[in-house]
Every structure is written in C-alpha cells, then in structure tokens.
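In listed order, ligands and their atoms are each counted from 1. When reading the values below, keep in mind they use all heavy atoms of this one structure, side chains included, and skip hydrogens, waters and symmetry mates. Heads up: numbering here begins at 1 and tracks the sequence.
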Amino acid sequence: MDCIFCKIANGEIPSTTLYEDDDLRVIFDINPTSAGHALILPKEHAASLLEYPAEKLGHIFEIAQKVGKSMEKGLHADGVNILANCRPAAGQSVDHFHVHVIPRYANQPEKDALVIETHEIPKPDLDALAKAIQENL
Ligand code: AMP
Ligand code: ZN
C-alpha cells in the first residue's frame, strides 16, 4: 500500500520527530495552522480514527495530552486544538488516521484562527437525531 503517513510513521521517509514510541510518531504538519502544529501518526495503518482499534485510542490521546501540555509550557501557547478529521466530507485529506495538536496563541493573527463555521439550517428534530444515533451506538 502506498501510504505516505505509513512511510513517515515507520521511518521510511525521514521527518523531524518530536516523539516516537512503538505505536506512533509525532511530527510537524507540513502546512501548519500555527507555529508548532503537530500530527500524531500511528504506525499501524487505519483509514481514520473510526477504523483504529478502540483499545489503542487511549494511548494516542495520552500522547496528544502530553504534546499539548508541552506546547503550553515550551511554546507558551495559550491553548491547543486536538482533533481528528474523519473522511473527506469532514476535511480529511490524508487517508491514514492522524490527530492534529495545534498550539493556539491569544495574539495570533485572525488569518491563523481555526474556525468551525456554523450555518443557519432548518430546525432539526432533536429527538429523531438522538434516536438515529442511539440506535447505532
Ligand atoms: P487532514 O486534512 O486532517 O487529513 O490533515 C492532513 C494534514 O497533513 C494537513 O494539515 C497537511 O498539511 C498535512 N500533511 C500532508 N502531507 C504531509 C507530509 N508529508 N508531512 C507532514 N504533514 C503533511
Ligand atoms: Zn498508512
């Protein structure tokens, strides 16, 4: 399989590595949202978080927490976004599960801001939405 994040995670393509263990590698995003924007790449291929073994997610997010705290301490970030896009419809552009850890700075220019836009949509039937999700949990 020709997956660039498999190759980076497993060291076949060299990268600046912030942290590595048996399960994952943490690198810088090539096209950062802010200075220090990091990606956590599991070494095991999964198309997205939705396919990754649930029992291994805890470790990924432990490391996300560690990296986020280090960004507050070491980069003087004022906060962090920790997120995973799943599927192209949700903005996923690389088909290998990764978690973004994005340091945020109180004084950062507006152009760097990560904005989740909200839209006016017809008032949803919350009971029907809840039922449709609950039935599939
Ligand atoms: P997503 O849109 O959530 O799939 O995020 C993919 C991220 O991977 C984007 O922010 C890209 O800038 C980043 N990216 C793509 N190719 C590379 C690469 N070779 N090295 C580091 N980051 C990359
Ligand atoms: Zn992969």
So which protein heavy atom does [atom] come closest to, and at what separation?
| atom | answer |
| --- | --- |
| atom 4 (O) of ligand 1 | Ser93 N, 2.6 Å |
| atom 14 (N) of ligand 1 | Ile30 CG2, 3.7 Å |
| atom 1 (P) of ligand 1 | His98 NE2, 3.2 Å |

So, [X] side chain and [Y] main chain: donor-acceptor pair closer than 3.5 Å or not?
| X | Y | result |
| --- | --- | --- |
| Glu51 | Ser48 | yes |
| Asp78 | Ala106 | yes |
| Glu12 | Lys7 | no |
| Tyr19 | Leu24 | no |
| Ser34 | Arg104 | no |
| His98 | His96 | yes |

* Option whose closest heavy atom lies nearest to atom 13 (C) of ligand 1, chosen from Ile13, Thr16, Asp29, Thr33 ->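 Looking at heavy atoms only, Asp29 sits closest to atom 13 (C) of ligand 1.
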* Per atom 2 (O) of ligand 1, closest listed option by heavy atom (Gly91, Ala38, Pro32) ->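 Nearest option to atom 2 (O) of ligand 1, by heavy atoms: Gly91.
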Below 3.5 angstrom, do we get any N/O pair linking [X] and ligand 1?
| X | answer |
| --- | --- |
| Leu39 | no |
| Ile4 | no |
| Gln92 | no |
| Val94 | yes |
| His37 | no |

* Asked: Which N, O or S atom name in His96 marks its closest approach to the Zn ion (ligand 2)?
  -> ND1
Numbering as shown, the atoms of ligand 1 that approach [X] to under 4.0 Å (heavy-atom distance):
| X | value |
| --- | --- |
| Asn85 | 1 (P), 2 (O), 3 (O) |
| Ile27 | 21 (C) |
| Phe28 | 21 (C) |

* **Side-chain donor-acceptor contact under 3.5 Å, His59 with Asp21** => yes
* What residue among Asp23, Ile8, Asn10 forms side-chain contact (heavy atoms from CB on, under 4.5 Å) with Lys43? ->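 The option that passes is Asn10.
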* Asked: Could Glu62 and Lys66 be called an ion pair, given the rule that one side-chain N must be under 4.0 Å from one carboxylate O?
  ->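 No, Glu62 and Lys66 are not salt-bridged.
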* Flag the pair Leu49 / Leu57 as yes when at least one side-chain heavy-atom distance between them is below 4.5 Å, and no otherwise. =>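 With C-beta onward as the side chain, the pair touches.
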* At the Zn ion (ligand 2), what angle lies between atom ND1 of His45 and atom SG of Cys6, rounded to 10 degrees? -> 110°
* Should the proximity of Phe5 to ligand 1, defined as any heavy atom under 4.0 Å, be assigned to the side chain, the backbone, both, or neither? -> side chain
